[in-house]
Amino acid sequence: MSFPLLTVTAAVPAVGAILTAAVPAARRTAAKWLALLVSLATLVLAGLVFARFEPGGERYQLTESYAWIKDFGVRYELGVDGIGVALIALTALLIPFVILAGWHDADPLETSSKRWRPTQGFFALILMVEAMVILSFEATDVFLFYILFEAMLIPMYFLIGGFGDRAHAGSDENAAAQRSYAAVKFLLYNLVGGLIMLAAVIGLYVVAGNFSLTEIAGARANGSLEMATSTERWLFLGFFFAFAVKAPLWPLHTWLPNAMGEATAPVAVLITAVVDKVGTFAMLRFCLGLFPEASKWATPAIVVLALISIVYGALVAVGQRDIKRLVAYASISHFGFIILGIFAMTSQGQSGATLYMVNHGISTAALMLVAGFLISRRGSRLIADYGGVQKVAPVLAGTFLIGGLATLSLPGLAPFVSEFLVLVGTFARYPVAGVIATTGIVLAALYTLVLYQRTMTGPVKEEVRRLPDLRPRELAVVVPLIALLILLGVFPKPLTDVVNPAVRHTMSDVQQKDPQPEVEAAK
């Protein structure tokens, strides 16, 4: 039996979470270093997965399959394609930065109610989320994926509700109530989506007789498994609804601004840059792979919803007064681009959507973490409480600007490549949708530059006059992310080489070919 690399890659952070939680309360610093070392070990393993993956080889590689619940045909079945490999690499890359950025976010803090922040639990929960997300990108058994899809809600609930923004630290009971509300809203939205998906998972088993993605997709392709049109559409809707909540897609998005606004900046990055990618990834792997005809049937409606997300998210971001909520609404707009690329049903669109998942994760992490450093210094999330920061903390302001420019997809930075591919792929099949989507670019420039202008330029406000610049630990978080944004902006080939073969398989699943350009015959 070959070495179970995929299992080990997910097991290391899971075991690390248990060990971190078991560190004695008095050894908080040891728990932090243990969590960081575990995340770095996971990054090395993810690098091995990336290195061993052969883009021109089998669709699913490094496969593992073991009997789990034999009576119901449930197997512990893993395998990765190019899309899964890219997202595993993203997850493993971001977690060390999340841990470093949140180094002091869970330090003991006595409040008027005599409650303490459990440091070990904070870092253990982050590692547990990492383990579940990585395993969800590897799972090729539908039931196993569903278990992970739901289980990751539990540690996220405690991270959102139990560890609030440092700007809300102290005895503010209203802040605690807001965190609790955000955590419960996150949980309820995603649980409802998961329950609907569970009904669809059971329905799929009744129709197919097993939960194996590869077996079901293969049977659909060779004609040995046929689904009634209405059955396929209902099953597709059950899966898509759950993924649209997780993504999130308008109008199922309202939990995200609350969750990101009330969580610490590192946890906000964990939500939108890591956990939410499971939703868009699953649209490619499960919706298009299992229900190709229903996917094509639903495409017009989904394209409209994606366009609404793009424009609505950007418009609301323009009017935000809260820095973190602005980034949250910007992310809703960006997820609209990702979903638009997936359902444009073109190879450029789907390649762009996959790259967008990776690039959005890096750019949002850079912007949100720098914003978190800024907020922790001033103690406020309100844009109006800042001004002239670039004069007192030029490095912080400069990194904030680069993160913002990446958010608006400036050419030369990584998100530009993915957004350009999404728009090209959309124009090829839905030109009107492509035109509407471009308004999101204009609005992104507006909310990003206005945010920078109001916080970083102008007269120095008295409250920010003594703000320190970025410290070495904070530079260790931000500089590598900015370097990646530039590197992938000018040289995205390592990612496109891995992603493009997987996209071709997905296009084959839905039996779609890229539209041929209309060339007027020469007279």
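All heavy atoms count here, side chains included; hydrogens, waters and symmetry mates do not.
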Can you find a side-chain donor-acceptor pair between T254 and Y189 that sits under 3.5 Å?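 Yes.
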Between Y452 and Q390: side-chain donor-acceptor atoms closer than 3.5 Å: yes
Would you find a donor on one side and an acceptor on the other, under 3.5 Å apart, between the side chain of [X] and the backbone of [Y]?
X: Q350; Y: S347; value: no
X: K185; Y: W255; value: no
X: D469; Y: V395; value: yes
X: R179; Y: A263; value: no
X: R377; Y: F373; value: yes
X: S363; Y: H360; value: yes
X: R381; Y: G261; value: yes
X: R465; Y: V460; value: yes
X: K246; Y: A282; value: no
X: T426; Y: G434; value: no

Would R325 and E262 satisfy salt bridge (Lys or Arg N to Asp or Glu O under 4.0 Å), going step by step from the backbone distance to the final call? CA-CA 9 Å; R325 289 179 69 89; E262 299 306 322; 5.8 Å; no
Spatial distance of atom [atom1] ([X]) from atom [atom2] ([Y]) [nearest 0.5 Å]:
X: I88; Y: L45; atom1: CD1; atom2: CG; result: 11.0 Å
X: K32; Y: L100; atom1: NZ; atom2: CG; result: 11.0 Å
X: N258; Y: I160; atom1: CG; atom2: CD1; result: 10.0 Å
X: L37; Y: S39; atom1: CG; atom2: OG; result: 7.5 Å
X: M156; Y: D276; atom1: CE; atom2: CG; result: 8.5 Å
X: N190; Y: Y157; atom1: CG; atom2: OH; result: 13.5 Å

Candidate pair L374 and M456, rule side chain to side chain contact (heavy atoms under 4.5 Å, CB included), full reasoning: CA-CA 11 Å; L374 177 66; M456 302 295 162; 3.7 Å; yes
What are the two closest heavy atoms between [X] and [Y], and how far apart are they?
X: E138; Y: V80; value: CG-CG1, 4.0 Å
X: A92; Y: T42; value: CB-O, 4.1 Å
X: I323; Y: Y386; value: CD1-CE1, 3.9 Å
X: D385; Y: S380; value: OD2-OG, 2.5 Å
X: V358; Y: L87; value: CG2-CD2, 4.2 Å
X: I95; Y: L270; value: CD1-CD1, 3.5 Å

Please find out if less than 6.0 Å separates the ring center of [X] from that of [Y].
X: F281; Y: F137; value: yes
X: H253; Y: Y312; value: yes
X: F149; Y: F243; value: yes

Is the closest side-chain heavy-atom distance between [X] and [Y] below 4.5 Å?
X: P266; Y: L369; answer: yes
X: T455; Y: F400; answer: yes
X: L34; Y: Q120; answer: no
X: I332; Y: P257; answer: yes
X: F335; Y: K277; answer: yes
X: L326; Y: V318; answer: no
X: S331; Y: T364; answer: yes
X: V267; Y: F122; answer: yes

Atom CZ of R454 with >12 non-hydrogen neighbours under 6.0 angstrom: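 Result for CZ/R454: open.
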Might you confirm whether atom CZ of R27 has over 12 heavy atoms from other residues, nucleotides or ligands at distances under 6.0 Å?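 No.
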List the steps, then state whether side chain to side chain contact (heavy atoms under 4.5 Å, CB included) holds for V8 with V12. CA-CA 6 Å; V8 172; V12 165; 4.0 Å; yes
Scan residues 396-409 for pairs that pass side-chain hydrogen bond (donor to acceptor under 3.5 Å, both in side chains), counting only residues two or more places apart or in two chains. S409-E419
Evaluate side chain to side chain contact (heavy atoms under 4.5 Å, CB included) for I383 paired with D322, printing each intermediate quantity in order. CA-CA 6 Å; I383 297 172; D322 183 312; over 6 Å; no
V477 vs V370, side chain to side chain contact (heavy atoms under 4.5 Å, CB included): CA-CA, chis, key distance, verdict: CA-CA 9 Å; V477 172; V370 176; over 6 Å; no
